[in-house]
Amino acid sequence: MSKNNDELFKNVIAHAKEYGFVFQSSEIYDGLSAVYDYGQYGAELKNNIKTYWWKAMVQLNENIVGIDSAIFMHPKIWEASGHVAGFNDPMIDNKDSKKRYRADQLLEDKIAKYDKEGKTDKAETLQLAMDDALKAEDFSRLKELIEEHEIADPVSGTRNWTEVRQFNLMFSTQFGAMAEGSDQVYLRPETAQGIFVNFLNVQKSGRMKIPFGIAQIGKAFRNEVIARQFILRMREFEQMEMQFFIKPGTEMEWFAHWKAARLKWHLALGTSPEKYRFHDHTKLAHYANAATDIEFEFPFGFKEVEGIHSRTDFDLSQHEKFSGKKLRFFDPQETDKEKQSYVPYVIETSIGLDRMFLLTLINAYEEQDLSEGDKKDSRMVLKFPPALAPIKATVLPLTKKDGLPEKARDIMDKLKLDFNLQYDEKDSIGKRYRRQDAIGTPFCITVDHQTLEDNSVTIRHRDTMVQERVNADDLEKIIGDLVSWKKVLA
RNA sequence: GCGGAAAUAGCUCAGCUGGUAGAGCAUCAGUUUCCCAAACUGAAGGCCGCGGGUUCGAAUCCCGUUUUCCGCUCCA
């Protein structure tokens with residue numbers, strides 16, 4: 001990261017805290033690693049991003065519906081999805097090469113080596129010892145075996161190992177009040193499975209016909225080994241996912257469709273296209289036959305914000321297998337009887353809400369030098385798209401007397417049912433404008449002495465700092481148009 | 001997890017070789033002004049991340065720990 005970008009990122013984090021967007025969780029207790037809280041303006045901004053996504057995905061697509069599934073799910077779901085098996089390996093690090101290995105893999109390699117050297121006795125003994133240790137989940141025994149058999153890191157050649165640890169990315173807890181005899185359940189590591197297991201419910205109750213999508217916004221939890229870069233990688237995070245169910249064989253067409261549609265959604269916010277890029281996966285996960293990331297150029301480099309994956313019929317097939325229930329779509333239009341009933345393929349779009357939040361904040365953040373001649377001046381402004389701004393407008397009486405506050409309150413009362421507004425009468429008018437700039441309020445409505453005479457007010461625009469005089473009765477329409485979702489969705 | 005750096009008021013930071021904390025901005029109250037950070041007066045806010053140790057005495061030295069940032073690593 002260059003010094004300037006490093007500086008910029010630090011300033012954004014400081015700004016986010018100072019102005020009530022993001023706080024570290026449990027801060028007065030020294031914080032909890034990689035967990036963050038959203039403050040008064042952060043919560044508003046986050047909600048607006050959710051709304052933008054929900055409108056674009058659910059409301060504007062007749063064949064996409066939204067659900068809200070529970071965080072707790074049947075433990076077998078995670079076996080079916082592969083998360084239990086894939087997230088439970090015993091790992092060991094070499095302190096010199098700083099490489100991490102699967103402990104059982106290292107031992108397997110050694111066993112193979114013994115066999116090759118004709119030391120079959122040794123191989124067998126080790127194999128048995130390892131199997132016992134793995135079965136008992138005895139990690140210190142695994143470490144002992146690695147030491148006893150003098151296994152060295154192939155990279156550094158040293159035997160300077162850490163303890164063997166299990167990296168399970170899923171958080172677990174007990175289901176049922178009695179600790180004993182209760183079942184272990186997981187906090188979901190992704191929201192997608194909540195959609196897959198409700199595929200039939202939604203399809204039948206909503207009379208959905210393929211192609212159709214199910215969308216969901218919700219929290220997910222991953223016990224990341226390391227979680228850093230502010231809210232980019234958190235242990236508790238929120239996803240906005242849509243699973244689009246399609247006829248097998250049409251996946252490439254739909255993959256291309258959603259790739260384009262999702263980038264369009266991002267760019268509609270006015271973000272410079274140079275800040276975005278696709279990162280197509282060459283190495284695909286076992287369930288996917290195509291995958292791409294939409295990446296955004298953060299101050300610390302291009303990072304994934306959203307993933308678009310062609311997941312084939314992997315998930316539904318797995319759930320068929322594990323649940324014993326048929327998860328199929330019957331297509332009466334299909335003339336070929338053999339192909340009438342099938343497990344749909346899936347195109348997934350999955351965006352990290354917190355990452356989108358960070359993106360929006362960084363993108364909006366601007367330090368402006370407004371000096372003119374000798375007069376030094378600067379301002380901090382968050383140039384949020386008006387539809388996303390936490391506060392849409394602030395009503396300001398020019399002074400605290402002459403009945404201006406009363407008039408300002410009247411105007412505010414008429415507007416506050418439609419818009420999230422603030423009222424401010426403390427300090428000079430210029431200072432109040434700048435305060436609103438810092439939290440990204442796009443419009444300031446100023447009530448002055450002329451307002452008392454002809455009911456006109458000024459609207460001060462955040463980005464240009466230009467004011468226009470309008471009739472107070474027209475504010476609902478004017479502000480309404482300016483902050484409308486039509487500006488980004490139409 | 002390894003290595004590096006850091007942690008002092010809401011924010012940014014100062015505090016030299018140890019003697020029980022300061023500034024600017026922000027906040028609050030007031031005076032004045034009345035359309036882009038004005039000025040003035042006053043106030044509030046910190047046991048210096050936390051826990052030990054050395055010392056007559058620790059924000060300052062040592063150890064541990066937590067958190068954050070950077071690099072590596074990891075990332076369905």
Side-chain angles (χ1 to χ4, degrees), chain A residues 1-3 5-7 9-11 13-20 23-36 39 78 81-83 85-87 89 91-101 156 160-163 165 167 169-170 189-190 192-193 222-230 232-233 281 283-288 291 300 303-304 307 309 311 314-315 348 350 368 370-372 375-381 396-402 404 426-438 444 446-450 457-458 460-462 465-467 469:
Chain A
M1 191 187 315
S2 76
K3 189 159 181 282
N5 281 336
D6 192 25
E7 199 78 1
F9 186 46
K10 281 190 170 137
N11 290 347
I13 294 172
H15 192 85
K17 187 191 174 194
E18 188 170 4
Y19 289 93
F23 307 122
Q24 186 170 19
S25 163
S26 319
E27 196 187 327
I28 62 169
Y29 289 98
D30 279 343
L32 191 61
S33 180
V35 184
Y36 291 89
W78 305 114
S81 70
H83 284 83
F87 282 6
D89 303 323
M91 307 296 282
I92 189 165
D93 291 353
N94 182 273
K95 291 179 185 173
D96 299 310
S97 70
K98 301 181 184 27
K99 292 280 178 197
R100 176 168 298 153
Y101 302 92
S156 66
N160 191 9
W161 297 105
T162 63
E163 294 305 307
R165 287 155 306 192
F167 288 87
L169 260 61
M170 285 197 291
E190 63 175 33
Q193 299 305 324
R222 282 184 206 172
N223 208 352
E224 300 284 353
V225 179
I226 36 157
R228 272 203 301 235
Q229 278 159 333
F230 198 41
L232 192 82
R233 179 168 296 149
H281 293 204
K283 204 178 119 195
L284 294 166
H286 61 268
Y287 59 72
F300 39 81
K303 297 283 173 190
E304 176 188 355
H309 302 255
R311 296 180 74 122
F314 175 79
D315 300 278
E348 168 190 80
S350 173
Q368 294 180 339
L370 301 173
S371 301
E372 282 180 48
K375 198 177 167 242
K376 286 266 171 273
D377 193 12
S378 66
R379 71 164 181 162
M380 243 316 308
V381 54
L396 311 163
L398 191 58
T399 72
K400 259 192 272 192
K401 52 191 187 194
D402 305 332
L404 294 184
K426 171 76 184 160
D427 294 315
S428 78
I429 191 70
K431 197 166 204 170
R432 283 180 276 164
Y433 287 150
R434 301 298 173 86
R435 251 200 300 260
Q436 294 303 320
D437 290 341
C444 287
T446 308
V447 173
D448 57 20
H449 293 87
Q450 199 183 325
V457 296
T458 63
R460 180 262 193 188
H461 295 257
R462 177 195 64 201
M465 298 170 75
V466 168
Q467 286 176 280
R469 187 163 280 275

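By convention in this document, chain letters (A, B, ...) are assigned in the order of the sequence lines, proteins followed by strands, and residues within each chain are numbered from 1. The shown structure was predicted, so the numbers you read here are calculated from the model rather than taken from an experiment.
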Integer angstrom distance from the [atom1] of [N] to that of [M]:
N	M	atom1	value
B/U31	B/A38	C1'	14 Å
B/A59	B/U67	P	24 Å
B/U12	B/U20	C1'	25 Å
B/A39	B/C48	P	33 Å
B/G15	B/A6	P	13 Å
B/G42	B/C25	P	15 Å

Hey, is the side chain of [X] poking within less than 4.0 Å of OP1 or OP2 on [N], counting only N and O atoms?
X	N	result
A/Ser428	B/U33	no
A/Ser33	B/U68	yes
A/Arg435	B/C36	no
A/Gln229	B/C69	no
A/Lys431	B/C36	no

Could one point to a donor on the side chain of [X] or the base of [N] with an acceptor on the other under 3.5 Å away?
X	N	answer
A/Ser378	B/A37	yes
A/Arg460	B/C36	yes
A/Tyr19	B/C11	no

Considering only [options], which nucleotide approaches the side chain of [X] most closely?
X	options	result
A/Phe9	B/C35, B/G10, B/C69	B/C69
A/Arg233	B/C74, B/C34, B/G10	B/C74
A/Gln24	B/U67, B/C69, B/C36	B/U67
A/Gln467	B/U66, B/C35, B/A76	B/C35
A/Asp427	B/A38, B/C36, B/C28	B/C28
A/Lys10	B/U27, B/C35, B/C69	B/C69
A/Lys426	B/C28, B/C69, B/A26	B/C28
A/Glu190	B/C36, B/A76, B/G10	B/A76
A/Leu398	B/C36, B/G10, B/C34	B/C34

Within this structure, what is the [atom1]-to-[atom2] distance between [X] and [N], rounded to whole angstrom?
X	N	atom1	atom2	result
A/Lys400	B/C28	NZ	P	10 Å
A/Gln436	B/C36	CD	P	17 Å
A/Asp448	B/U33	CG	P	18 Å
A/Arg379	B/A26	CZ	C1'	19 Å
A/His449	B/C35	NE2	P	10 Å
A/Phe230	B/U67	CZ	C1'	14 Å

Select base, sugar-phosphate, or nothing to describe what A/Ala34 touches, counting heavy atoms under 4.0 Å on all strands.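 Sugar-phosphate: the residue A/Ala34, judged by heavy atoms under 4.0 Å, touches backbone atoms but no base.
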Contact class for A/Lys303 vs. all strands (heavy atom < 4.0 Å): base, sugar-phosphate, or nothing?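 The residue A/Lys303 makes no contact with any strand.
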When you match A/Tyr29 and A/Gly430 each to their closest nucleotide on RNA chain B, which lands nearer the 5' end?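 Result: A/Gly430.
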Under a 3.5 Å limit for both distances, which nucleotide forms a Watson-Crick or G-U wobble pair with B/U67, could you say?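 Across all strands, the one nucleotide that pairs with B/U67 is B/A6.
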Given that both distances must come in under 3.5 Å, which nucleotide forms a Watson-Crick or G-U wobble pair with B/U27?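 B/U27 is paired with B/A43.
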Could you check whether A/Arg469 pairs with A/Asp448 (Lys NZ or Arg NE/NH1/NH2 to Asp/Glu carboxylate O, under 4.0 Å)?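 A/Asp448 and A/Arg469: salt-bridged.
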Anti or syn - B/U33, cut at 90° from 0: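 Nucleotide B/U33 adopts syn.
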